[in-house]
Each structure stands twice: as C-alpha cells, then as structure tokens.
Amino acid sequence: MTARPAAGSAAPTRRTRRPRSKKAAKEQALAVDELLARQWPDARCELDFTTPLELLVATVLSAQTTDKRVNQVTPTLFRRYPDAAAYAGAPREELEEVLRPLGFYRAKAASLQGLGAALVADHAGEVPDTLEELVKLPGVGRKTANVVLGNAFGIPGITVDTHVGRLARRLGWSREKDAVKVEKDIAALLPPQEWTMACHRLIFHGRRVCHSRKPACGACVLAEVCPSFGEGETDREKAAALVTV
DNA sequence: ATCCCGAGGG
DNA sequence: CCCTCTGGAT
C-alpha cells in the first residue's frame with residue numbers, strides 16, 4: 001500500500017484524476033456504459049454467423065481485417081466447409097484461395113486446418129464453451145475465445161482488443177497494457193451481464209469517435225466523465241472542442 | 001503512410 | 001519484449 005495524499009489537501013498536480021474510491025469508480029464505469037448504450041444502440045458483433053463454429057472461424061479470420069471483409073468470404077467458406085472435419089481435410093491451396101482477400105491468408109488457412117483437426121481430435125468436432133478449452137485451440141487466443149463465449153454461448157466475456165484496451169486506459173479503468181490485466185480491471189468495474197455488450201459499445205466508440213491517434217473529443221458523449229478528455233488532439237482541435245462543449 | 005476487434009514464435 | 005504474417009481501404 002502506498003500512502004495517498006489526504007482528501008482535500010493541496011492535490012498533487014497530475015494528468016490523471018486523483019484515485020477515486022472503488023464505489024466512485026464503479027459508478028463512473030456504469031455511467032460510461034449507459035451513455036455508450038444510448039449512443040450506440042445497435043452495437044453488436046458485426047461478424048455474420050449462425051453457429052458457434054461459424055463465429056469461431058469468422059473471429060479467427062478477423063485478425064487485422066475489417067469485419068465487413070470477413071463477411072464477404074464467409075458465405076463461400078461456410079458453404080464449402082460445413083463442419084470441423086471439413087476444415088481439417090481441406091486442401092491448403094483451396095483454403096488459401098478463399099482467404100486471400102483477408103490478408104495473412106497462409107497463416108489463417110493453417111489456423112483453420114489446425115483448428116478443425118483439434119476440434120475433431122479433442123472435442124468430437126464441437127466448439128467447447130469454456131475459456132480454458134478455447135484458448136488451447138490453435139489460432140485461438142484469449143480475445144477470440146471471449147468473443148465466442150459472449151456472442152455464441154451467452155457466457156459473459158470481456159473482449160480486450162486494441163479498442164477496448166485503449167479506451168479502458170483513457171477512461172481511467174486500467175493503467176495496464178497487458179490485455180489480461182485490463183480484462184481483470186474491467187471485470188472489477190462492471191457487472192458480468194454487461195461485459196459482452198459493454199465491449200461492443202467500447203469497440204463501436206473506439207472505431208467511430210475515440211480513435212487511436214486523433215480522438216474526436218469534441219464529438220464525444222463521454223467528455224464530462226472522461227479523465228483523458230482533450231488529450232491527443234492538436235491545439236486547434238482542442239479549442240474547437242471546448243467552444244463546442 | 002496508416003489502419004484494420006490478433007496470434008504465435010523467437 | 002519484439003517480430004512476422006498479409007492485403008485492401010483511406
């Protein structure tokens with residue numbers, strides 16, 4: 001435990017707000033979640049799928065690729081490879097041809113083959129519904145596993161991708177850069193039933209407003225509750241944001 | 001040039 | 001921790 005300055009004393013000048021109580025932190029997180037829910041009522045998983053296997057495959061393919069482009073290849077993919085065994089037995093070149101527009105197509109083709117083989121070998125061809133089992137599958141990391149849990153099985157999962165990690169830090173929810181630690185920090189702030197949708201909202205917001213390089217703070221509904229408001233903008237933009245608010 | 005809801009390997 | 005895998009949009 002490190003000593004903290006007494007409340008109300010001449011506060012040390014720091015960029016971030018002084019440490020809040022656990023209760024206040026949770027209230028801020030809930031407020032953020034509600035504001036984002038209002039702003040992005042259509043936030044959801046944007047990958048097209050009808051089964052856990054389809055979502056698992058689509059999520060593996062979504063690495064460094066837009067969901068829109070994944071959705072362009074998955075109809076062909078799902079028709080051609082209807083089950084885990086089909087991916088395991090697919091000719092490598094045939095798989096690569098379908099995946100080529102996505103980027104990383106050789107690695108992704110290998111992932112899908114290995115994934116199909118592992119599902120057949122260890123799970124009777126079915127997609128497991130626990131984090132531990134999912135992350136053991138080749139090509140499936142913690143982020144992919146949580147997407148499948150939350151969106152195919154309805155099991156609360158926190159998806160820490162580039163957006164969720166960045167927004168969690170800007171919102172003061174975490175100071176960590178390690179995704180697993182960020183996940184724990186978010187888990188302590190929001191109730192499990194909010195986890196999956198909260199992540200979708202954070203991702204929507206990250207893509208449309210809270211950009212990595214040039215966040216549009218002037219257009220952000222979280223301006224009043226965000227400890228990072230105004231950071232990362234040019235002076236001109238900061239001034240514009242202030243007069244707009 | 002930089003960015004996309006990453007994962008695995010060195 | 002870094003690097004690589006990859007291509008299309010902006």
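Worth knowing before you read on, the calculation uses all heavy atoms, side chains too, and leaves out hydrogens, waters and symmetry mates. Quick note on labels: first sequence line is chain A, next is B, and so on, each numbered from 1.
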By nearest atom, which of the nucleotides [options] is closest to the [X] side chain?
{"X": "Arg69(A)", "options": "dA7(B), dA9(C), dC5(C)", "result": "dA9(C)"}
{"X": "Thr144(A)", "options": "dC5(B), dA7(B), dT6(C)", "result": "dA7(B)"}
{"X": "Arg213(A)", "options": "dG7(C), dC3(B), dC5(B)", "result": "dC3(B)"}
{"X": "Val147(A)", "options": "dC5(C), dC1(C), dC5(B)", "result": "dC5(B)"}

[X] [atom1] to [N] [atom2]: how many Å, rounded?
{"X": "Arg208(A)", "N": "dC3(B)", "atom1": "CZ", "atom2": "C1'", "answer": "15 Å"}
{"X": "Leu134(A)", "N": "dA7(B)", "atom1": "CG", "atom2": "P", "answer": "11 Å"}
{"X": "Tyr105(A)", "N": "dG6(B)", "atom1": "OH", "atom2": "P", "answer": "21 Å"}
{"X": "Leu112(A)", "N": "dG6(B)", "atom1": "CG", "atom2": "P", "answer": "16 Å"}

Fill in: Neighbour count above 12 (heavy atom, 6.0 Å) for Glu94(A) CD
yes
Worksheet item: Counting only heavy atoms not in Gln193(A), do more than 12 fall under 6.0 Å of its CD?
Response: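 Enclosed: over 12 neighbouring heavy atoms sit under 6.0 Å from CD of Gln193(A).
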Item to complete: Apply the test side-chain contact (heavy atoms from CB on, under 4.5 Å) to residues Leu61(A) and Leu112(A): give CA-CA distance (whole Å), side-chain angles for both, the deciding distance (0.1 Å), then the verdict.
Response: CA-CA 9 Å; Leu61(A) 298 182; Leu112(A) 292 193; 4.0 Å; yes
Worksheet item: Does a nitrogen or oxygen in the side chain of Gln64(A) sit under 4.0 Å from OP1 or OP2 of dT6(C)?
Response: no
Item to complete: Start with the C-alpha gap between Arg38(A) and Val221(A), add the side-chain angles, then the distance that decides, and say whether side-chain contact (heavy atoms from CB on, under 4.5 Å) holds.
Response: CA-CA 10 Å; Arg38(A) 219 161 294 156; Val221(A) 295; over 6 Å; no
Worksheet item: When the nearest nucleotide of DNA chain B is assigned to Glu46(A) and to Ser111(A) on a heavy-atom basis, which residue is associated with the more 5' position?
Response: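 By nearest-heavy-atom nucleotide position, the 5'-most residue is Glu46(A).
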Practice prompt. Identify, between Gly139(A) and Leu47(A), the residue whose nearest nucleotide on DNA chain B lies closer to the 5' end.
Written response: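 First, find each residue's nearest nucleotide; the 5'-ward one identifies Leu47(A).
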Worksheet item: Just by distance, do the side chain of Arg92(A) and the backbone of Ala110(A) share a donor-acceptor pair under 3.5 Å?
Response: no
Classify [X] by what it touches in the nucleic acid, base, sugar-phosphate, or nothing, heavy-atom distance under 4.0 Å.
{"X": "Arg207(A)", "result": "base"}
{"X": "Lys68(A)", "result": "nothing"}
{"X": "Arg44(A)", "result": "base"}
{"X": "Val164(A)", "result": "nothing"}
{"X": "Ser212(A)", "result": "nothing"}

